[in-house]
Amino acid sequence: MPELPEVETIARGLAPELQGRTVAEVVVREPRLRTRVARDFATRLRGRTLGRMGRTGKYLVTPLDDGARWLVHLGMTGRLTIGGAHRLPILHDHVELRLDDGRTLVYNDPRRFGRLDVLDAAALARVVGPGIDALDPSLTGDWLFEHSRGRRTSMKALLMDQREIAGLGNIYVSELLHRAGVRPRRRAARLTRDEAARTIVAMRAVLEEAIARGGSSISDYRDGFDNAGSYQDDHLVYDRAGEPCRRCATPIRAVVIVGRSSFYCPTCQR
DNA sequence: CGCACCCCCTGCCGGC
DNA sequence: TGCCGGCAGGGGGTGC
């Protein structure tokens, strides 16, 4: 579920709430996430003071006062929300962090595809991977052009690959390719320099607009205060198969590329 | 190297 | 109404 705009929204919302707070207690009710919560997760977090929560790719990363990093990945259905005093746990409340001000951070994840970990800098780098963050200013059209040379894969697959560009997922790749006028099946090696530039410009614009709208809430996503986003109302192609393109009225097409549904306008995209 | 296909899970929706 | 298959925004592994 959560892609860059959703993770960024959570980080921006929670960072000021968490910074400087100390973790009073950690409750792990269900460690069986896709990556099992480590046995020492609670002891490594308890008593630690939290730094400023940030985001890299689709990961939430919070520095701790002992030099380690608290890492959260929300998978498809994860929610990390802050609330008042303890609430009775509801279904899929897997982990809780109780803070020194009496508030509680709850990690809820029905499908349990997420990850929570405390890692040193080297381990964090291995988990997060080498991909350049989609909002990194050094990610330019020229960068994309050079990195797509000789690649037999599709633009859709290339942009989805977190080892290349970190943060994009299925919704935003469909949206940005529509905005850039590039079909998802386009061979990466055949992208022109101009199209590469348009793709990066479109990517930034879509991501910034989505962040401004608090992300897309298709079904599960909520921000750190349990609020839904509204960018789903601005989607031009995602999940709109058969509906008219909002720019030219041509019916939107759906195709499956590397196992994921992709949506595009055959008129606006070439 | 790229992709098809499997896995990890629960929930929802449409078809019958 | 109830059951079942397919699909869902994540990632990782294997084998061709």
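Here is how names work: the chains are called A, B, and so on, in the same order as the sequence lines, proteins then strands, and each is numbered from 1. Quick caveat: nothing in here was measured; it's all calculated off a predicted structure.
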If you measure from the Lys or Arg side-chain nitrogens to the Asp or Glu carboxylate oxygens, is any gap between A:Asp101 and A:Arg21 under 4.0 Å? yes
Under 4.0 Å between a Lys/Arg side-chain N and an Asp/Glu carboxylate O for A:Glu195 and A:Arg186? yes
Could you tell me whether A:Arg151 contacts a base, only the sugar-phosphate backbone, or nothing, with contacts defined as non-hydrogen atoms closer than 4.0 Å? sugar-phosphate
Verify, without hydrogens or angle tests, whether A:Thr56 (side chain) and A:Tyr59 (backbone) share a donor-acceptor contact under 3.5 angstrom. no
Atom NE2 of A:His73 and atom P of C:dG11: how far apart are they, to the nearest Å? 4 Å
Among the nucleotides B:dG11, C:dG11, B:dC3, which one has an atom lying closest to any side-chain atom of A:Lys58? C:dG11
Please report, rounded to the nearest Å, how far the P atom of C:dC7 is from the CZ atom of A:Arg111. 13 Å
If you measure from the P atom in C:dG6 to the same atom in B:dC5, how many Å do you get, rounded? 14 Å
Considering Watson-Crick and G-U wobble pairs with both distances under 3.5 Å, what does C:dT1 pair with? none
Can you see if the side chain of A:Thr77 gets near the phosphate of B:dG11 - specifically, an N or O under 4.0 Å from OP1 or OP2? no
For the side chain of A:Glu3, starting at C-beta, report the closest nucleotide among B:dC3, C:dG10, B:dT10. C:dG10
How far, in whole Å, is B:dC9 from C:dG2 if one measures between their C1' atoms? 23 Å
Tell me if a side-chain donor or acceptor on A:Arg48 pairs with a main-chain N or O of A:Arg44 at a distance below 3.5 Å. no
Considering every strand and a 4.0 Å limit on heavy-atom distances, what is the contact class for A:Leu91: base, sugar-phosphate, or nothing? sugar-phosphate
Is there a side-chain contact between A:Arg34 and the phosphate of C:dG12, meaning an N or O under 4.0 Å from OP1 or OP2? no
If you compare every side-chain N and O of A:His92 against the phosphate oxygens of B:dG11 (OP1, OP2), does one of them come in below 4.0 Å? yes
Considering every strand and a 4.0 Å limit on heavy-atom distances, what is the contact class for A:Thr35: base, sugar-phosphate, or nothing? nothing
Give the rounded distance in Å between these two atoms: NE2 of A:His94 and C1' of C:dG10. 14 Å
Could you tell me whether the side chain of A:His94 and the main chain of A:Asp109 form a donor-acceptor pair under 3.5 Å? yes
Has A:Glu25 got a side-chain atom pairing as donor or acceptor with A:Val23's backbone, closer than 3.5 angstrom? no
Given C:dG10, B:dG11, C:dA8, which nucleotide is nearest the side-chain atoms of A:Tyr238? C:dA8
A:Met76 side chain, from C-beta outward: closest of B:dC3, C:dA8, C:dG11: C:dA8
How many whole angstroms separate atom CG of A:Leu33 from atom P of C:dG12? 15 Å
Sticking with atom P, work out how far C:dT1 lies from B:dT10, rounded to a whole angstrom. 26 Å
For B:dC9, the Watson-Crick or wobble counterpart (both distances under 3.5 Å): none
Less than 4.0 angstrom between a side-chain N/O of A:Ser154 and OP1 or OP2 of B:dG2, yes or no? no
Starting from P on C:dG12, measure out to CZ on A:Arg115 and report it in whole angstrom. 8 Å
Taking only the side-chain heavy atoms of A:Gln162 (C-beta and beyond), determine which of C:dG11, B:dC9, B:dG2 contains the nearest atom. C:dG11
Would A:Arg240 count as a cation-pi partner of A:Tyr238, with NZ or CZ less than 6.0 Å from the six-membered ring centre and within 45° of the ring normal? no
How many whole angstroms separate atom CG of A:Leu74 from atom P of C:dG11? 11 Å
Spacing of A:Asn170 atom CG relative to C:dG11 atom C1', expressed in whole Å: 13 Å
The side chain of A:Arg152 lies closest to which of these nucleotides: C:dG11, B:dG2, C:dA8? B:dG2
Within the stacking criterion (centroid distance below 5.5 Å, interplanar angle below 30°), does A:Phe113 stack on B:dC9? no
Regarding B:dC9, can its base be found pairing with the side chain of A:Arg112 as donor and acceptor, where the two atoms are less than 3.5 Å apart? no
Taking CG from A:Asp117 and C1' from C:dG11, how many angstroms apart are they, rounded to a whole number? 15 Å
